Visitor: 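Take this structure, written in structure tokens, and hold onto it; I'll ask about it next.
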Amino acid sequence: NAAANPNAMAFLVWVFLRRTIAVGLARKHMTSEPKLFTKLNIAFWRAISKTVVVGVCLAAMYGMMQWAGLMGPKVGALLRLGGICVTGIAFIWYLSSAILVPSRPLWRLVPLTNAGAAKLRVLIVASAVAYAAVYAGNGIADILGATVEFSLLTGLVAAIAQGVIFFLMAIMKPVQRAPSPIDNTASRQQGGDAEEAEERSPPEERQPHLEPGCPWPISLRFLLYALALAIFSSALLGYIGLASFISRQVVVTGAILTTMYLGYIASREIGREGIFSQTRLGQKTRDALELDQRGVEQAGLLIGVFGFVAVLAIGIPLIALQWGAQVVDIATGARRIFTGFEVGSVRISLSGILLGILVFIGIYFLVRLFQRWLDAGVLARSRVDSGVRDSIRKGVGYAGIALAALIAITSAGINLTSLAFVAGALSLGIGFGLQNIVQNFVSGLILLVERPIKVGDIVTVGGYDGVVSEISVRATKLSLFDQKTVTIPNSEFINGTVNNWTHKNRNARNDITVGVAYGSDTRLVEQLLLDIAMDHPKVLNEPAPWVLFSDFGGSSLDFQLFIYLANLSDGIATRNEIRHQIVERLEEEGIGIPFPQRDLNLRLVDSGDLPDRLREGAPIKAQVPTAKKPAAKKPTAKS
């Protein structure tokens, strides 16, 4: 009972963790092939997490049995040896299953047939078992004090098994065969029965054009044959240690390189455009930091770079350990890289640079959270104008970014006094080459502080009429009324003439010109226009509307109606409604709105002054002058 309890507890832990992993990283039934990043992500984390589950359960069982006092020193050593071997075999099994996926070709990462994927997984796991047998045999010999012959015999058997496995891999034909034109023609002649049957079948059973498979590429087959020949020849010539070394390196180094390759492809995919923004992490990053699509893509690229660096930082030391490097040597090299090296009086440290980047990202994240709290929690409740809120929020953001940059530089171990010399050296270049950029930057700060314009203002600048949509430190964006967006440098707003229609308020005056016929009662027309303006709900009473008898036109008596609106944006709709009402009221009062007229006076002349043919009523034909042809030249003796 005492021995059963730890095993039962470890089994329960294994069931719980396995079900948790299975729910989170399950491969769903798909009607079409999933994206490469999705396949890579699930394959990588399934292999790692399931291996960790096995290792945790074995470690829990070992710890419980040791706590219960159920094993001696040798038994404990043998259990540790067995746990390492089982965990290694489990990792190879899960890794090969994640890549090959024999039962679901849509999730497979390599173009293999179903049968070829299943056979290849069996051979890969068998190779891992052979290596584990050598490792276990050497460990048992050390623990139990077995003879050297036992270790040599174990290594010989395992080496021969590895050679056979590599030979079997070389003669396989697992590669998916591409459809040929004959197959396509035949399938078209058969009609849609085969396609309909394929659509009705579950996804894991579909494998169009998978059988029969094709052999490996020539280079890979040559490599497998060479490995098998090297192992056989070494074993037969008595170099059993060399044969075991080759088989061990192929298995372990191959597993590490395969895992690194998966990590590399995943990092490359997450850095591609449009991939990271579709993931849950990308959506949470966008919501937390309030990023636009471009910002999310840049974050994905940064994560991809960090992932690639992490793959190299983990995989290279493991390969070095496998090929005989010592932990002390790797730790010394890593310490030199992280502690840094000196270039003149400046010390460059990778750890300092990473720390500075992390500090900058952390402070930047806190600044964005503070901006959101300040905007939504303080400024919104205090009913501050939207333009003031935008200026305060952006000013806090720029100050926070500058503070984060200074703290990050200090955390990276860079002396700020040395930056003064760099700034002095760059001042000349800034004065000439970056003059416009610096001018726009300073102008942007002036706009945020003095606020001659703010977000939401309707302005006229540089020949453009529009609404200010965004003010940054370099340029300001205007949303024009035809739905275009114009980016104008900030210096235009400081050095040029800007017409701000809504600087103090959004009140605006609108003019409506009306022409009535001559002979109309001008006093009545003036009163009608005032009544129409006063009755409209959007026209302000203060300042009050008024009418101007502006001019005696060529065809009409011209009046101008001046109205004041509380919101400039209502001008077009209000003028349209008032014009309709003016037409209706003038028609009711019988006052006409004339159109341009011209009086034509004809002067009759004496018929004696007319030509004879006009007196007789003959039609006149227009005489169109024609160009005279040049006279032909007389031939000369020369011609």
Side-chain angles (χ1 to χ4, degrees), residues 77-78 80-93 95-96 99 119-172 174 215-261 314-331 333:
L78 290 175
R80 288 195 299 271
L81 181 63
I84 294 173
C85 293
V86 172
T87 304
I89 295 174
F91 174 70
I92 299 299
W93 170 265
L95 181 62
S96 58
I99 297 174
K119 293 178 182 179
L120 184 60
R121 182 177 63 174
V122 171
L123 292 176
I124 291 174
V125 174
S127 178
V129 171
Y131 168 69
V134 176
Y135 182 81
N138 295 331
I140 292 173
D142 294 336
I143 296 171
L144 301 180
T147 60
V148 180
E149 288 79 5
F150 176 78
S151 300
L152 293 176
L153 180 61
T154 306
L156 177 62
V157 174
I160 294 176
Q162 289 281 22
V164 173
I165 292 171
F166 292 148
F167 181 77
L168 293 177
M169 288 183 182
I171 63 175
M172 286 180 59
W216 297 111
I218 298 176
S219 58
L220 182 57
R221 278 187 293 165
F222 177 78
L223 177 62
L224 292 173
Y225 281 130
L227 289 174
L229 180 61
I231 292 174
F232 284 143
S233 59
S234 300
L236 294 177
L237 294 175
Y239 297 102
I240 300 175
L242 178 60
S244 301
F245 176 79
I246 295 174
S247 61
R248 179 173 69 251
Q249 296 302 334
V250 170
V251 175
V252 179
T253 306
I256 297 173
L257 289 176
T258 303
T259 309
M260 291 177 62
Y261 183 69
I314 296 174
I316 292 178
L318 291 177
I319 294 176
L321 288 174
Q322 183 64 26
W323 285 84
Q326 299 297 323
V327 178
V328 178
D329 300 333
I330 296 177

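Worth saying up front: this structure is predicted, and the values here are computed from it rather than measured. Numbers here simply count residues along the sequence, with the first being 1. Quick note: numbers below take in every heavy atom, side chains included, and nothing from hydrogens, waters or symmetry partners.
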Visitor: To the nearest 0.5 Å, how far apart are CD1 in I124 and CE in M169?
Guide: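 One gets 5.0 Å once the value is rounded to the nearest 0.5 Å.
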
Visitor: Applying side-chain hydrogen bond (donor to acceptor under 3.5 Å, both in side chains), can you list everything that pairs with T253, at least two apart in sequence or on another chain?
Guide: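 With neighbours one apart ignored, the set is Q249, W323.
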
Visitor: Under the criterion side chain to side chain contact (heavy atoms under 4.5 Å, CB included), which of I314, L318, V251 is the partner of I256?
Guide: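 Of the listed options, the one satisfying the test is L318.
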
Visitor: Tell me if a side-chain donor or acceptor on S127 pairs with a main-chain N or O of L123 at a distance below 3.5 Å.
Guide: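 Flag not set: sc S127 to bb L123 has no pair under 3.5 Å.
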
Visitor: What pairs with A170 under side chain to side chain contact (heavy atoms under 4.5 Å, CB included), at least two apart in sequence or on another chain?
Guide: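 Residues passing side chain to side chain contact (heavy atoms under 4.5 Å, CB included) with A170: L224, Y225.
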
Visitor: Any non-hydrogen side-chain atom of P174 less than 4.5 Å from a side-chain atom of L120?
Guide: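 P174 vs L120: side chains apart.
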
Visitor: Taking side chain to side chain contact (heavy atoms under 4.5 Å, CB included) as the test, write out the residues that go with A226, two or more places apart.
Guide: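 Side chain to side chain contact (heavy atoms under 4.5 Å, CB included) check on A226 returns nothing, list empty.
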
Visitor: Between L257 and I319, is a side chain to side chain contact (heavy atoms under 4.5 Å, CB included) present by the stated rule, with each step listed?
Guide: CA-CA 8 Å; L257 289 176; I319 294 176; 3.4 Å; yes

Visitor: Rounded to the nearest 0.5 Å, what separates atom OG1 in T259 from atom CG in L95?
Guide: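 Here the interatomic distance stands at 4.5 Å.
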
Visitor: Side chain to side chain contact (heavy atoms under 4.5 Å, CB included), that's the test. Do V164 and F232 meet it? Break it down for me.
Guide: CA-CA 9 Å; V164 173; F232 284 143; 3.9 Å; yes

Visitor: side-chain hydrogen bond (donor to acceptor under 3.5 Å, both in side chains) with R80: which residues, sequence neighbours excluded?
Guide: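 Partners of R80 under the side-chain hydrogen bond (donor to acceptor under 3.5 Å, both in side chains) test: Y62.
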
Visitor: Mind checking what makes side chain to side chain contact (heavy atoms under 4.5 Å, CB included) contact with I84, not counting sequence neighbours?
Guide: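 Counting only residues at least two positions away or on another chain, I84 forms a side chain to side chain contact (heavy atoms under 4.5 Å, CB included) with Y135.
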
Visitor: For I231, which residues count as a side chain to side chain contact (heavy atoms under 4.5 Å, CB included) partner, sequence neighbours excluded?
Guide: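 Partners of I231 by the side chain to side chain contact (heavy atoms under 4.5 Å, CB included) criterion, ordered by chain and then number, come out as A159, Q162, F166, A243, I246, S247.
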
